[in-house]
Amino acid sequence: MAEYNPILSAPQGANKKPKRVGRGSSSGLGSTAGKGNKGQQSRSGGKTYVGFEGGQMPLYRRIARKGFSNYPFKKEYVCINVELLEAKFNDGETVDKTTLIEKGFISSKNASLVKILGNGEVTKKLTVVVDKVSESAKAKIEKAGGSVSLVTKAEEK
């Protein structure tokens, strides 16, 4: 056997020929093509859906639906750290939804709710008007000489 060269070829036994099913009786996988005799699994398209119990009423339909889900009412915030505000905004600018859309932080379609988080440092004097601000972010913005105010329902409309 030739010496193994990792650059030129794969190791012996790494590449196997695929089984060619349904190619005559002499192939060893002819006739039923390894699917056995009769039944749903042997048919083409013979699959069932997840949770199928052979015609018995599935568990997810037998169990009663109970309880409350907050999913339709949940609020999702776009979180922005103060280090990003420091990088993209100039001294004395206002940070609100419209300026965040202009700077590319949020898309106009996804302009739902904005929260400022306190990761990083701020040296610029910024006026921040958003939906939520973390305590650490508020402290850092005010320490740099800026101001923080929250958007009310009346201001949104």
Side-chain angles (χ1 to χ4, degrees), residues 4-19 21 33-36 39-157:
Y4 170 66
N5 186 340
I7 297 168
L8 297 178
S9 60
Q12 189 175 5
N15 299 328
K16 292 181 180 178
K17 287 187 175 180
K19 282 185 180 178
V21 297
K35 289 184 166 219
Q40 187 173 17
Q41 302 300 324
S42 69
R43 315 276 190 230
S44 67
K47 298 180 214 72
T48 59
Y49 52 86
V50 175
F52 182 71
E53 295 184 18
Q56 175 176 299
M57 185 64 70
L59 183 69
Y60 73 90
R61 288 187 61 197
R62 288 195 304 258
I63 306 293
R65 287 180 64 193
K66 282 180 71 175
F68 171 76
S69 173
N70 196 51
Y71 185 79
F73 312 106
K74 74 176 180 178
K75 294 179 181 178
E76 285 192 15
Y77 288 87
V78 177
C79 296
I80 299 165
N81 281 305
V82 290
E83 65 186 356
L84 295 172
L85 300 181
E86 173 74 18
K88 294 274 186 172
F89 285 87
N90 296 325
D91 198 25
E93 278 191 291
T94 303
V95 179
D96 58 4
K97 279 186 188 174
T98 53
T99 56
L100 289 169
I101 290 167
E102 288 167 15
K103 303 268 184 182
F105 283 106
I106 53 177
S107 65
S108 55
K109 295 173 192 168
N110 192 23
S112 51
L113 299 168
V114 178
K115 182 172 181 176
I116 306 295
L117 301 177
N119 190 16
E121 292 300 321
V122 177
T123 56
K124 298 171 183 171
K125 185 178 178 180
L126 298 172
T127 307
V128 179
V129 183
V130 290
D131 301 295
K132 263 191 178 181
V133 181
S134 71
E135 288 297 317
S136 60
K138 186 175 182 179
K140 287 177 183 181
I141 292 165
E142 288 174 349
K143 184 182 174 187
S147 64
V148 176
S149 61
L150 301 178
V151 175
T152 60
K153 296 275 184 194
E155 288 176 24
E156 282 182 350
K157 297 173 184 173

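All residue numbers in this chain count up from 1 along the given sequence. Reckoned from all heavy atoms, side chains included, excluding hydrogens, waters and symmetry mates.
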For Phe68, all residues meeting ring pair (Phe, Tyr, Trp, His ring centres under 6.0 Å), sequence neighbours excluded: none

From CD (Glu121) to CD (Glu86), nearest 0.5 Å: 9.0 Å

Minimum heavy-atom distance between Lys115 and Ser134, given as atom pair plus value: CE-N, 4.4 Å

Tyr71 atom OH: more than 12 heavy-atom contacts under 6.0 Å: no

Chi angles and distances behind the side-chain contact (heavy atoms from CB on, under 4.5 Å) call for Val95, Leu100: CA-CA 7 Å; Val95 179; Leu100 289 169; 4.0 Å; yes

Flag, side chain of Asp96 to backbone of Val129, donor-acceptor distance under 3.5 Å: no

Nearest heavy-atom neighbours spanning Phe105 and Lys88: CZ-CG, 3.5 Å

side-chain hydrogen bond (donor to acceptor under 3.5 Å, both in side chains) contacts touching residues 50-65 (sequence neighbours left out): Glu53-Gln56, Glu53-Arg62

Donor-acceptor side-chain pairing of Thr99 and Glu93 below 3.5 angstrom: no

Separation of Ile141 CD1 from Ser147 OG (nearest 0.5 Å): 9.0 Å

Considering all heavy atoms, the nearest Leu117-Cys79 contact: CD1-CB, 3.7 Å

Geometric cation-pi criterion, Lys103 with Phe89: 6.0 Å, 45°: yes

Minimum heavy-atom distance between Asp91 and Lys125, given as atom pair plus value: OD1-N, 2.5 Å

Straight-line distance of Leu85 CG to Ile116 CD1, nearest 0.5 Å: 4.5 Å

Minimum heavy-atom distance between Lys97 and Ile106, given as atom pair plus value: O-CD1, 4.1 Å

Exercise: identify the closest heavy-atom pair between Asp131 and Val114: OD2-N, 2.8 Å

Reported CG-to-NZ distance for the pair Leu113 and Lys132, which is rounded to 0.5 angstrom: 9.0 Å

Any donor-acceptor pair under 3.5 Å from Lys140 side chain to Gly118 backbone: yes

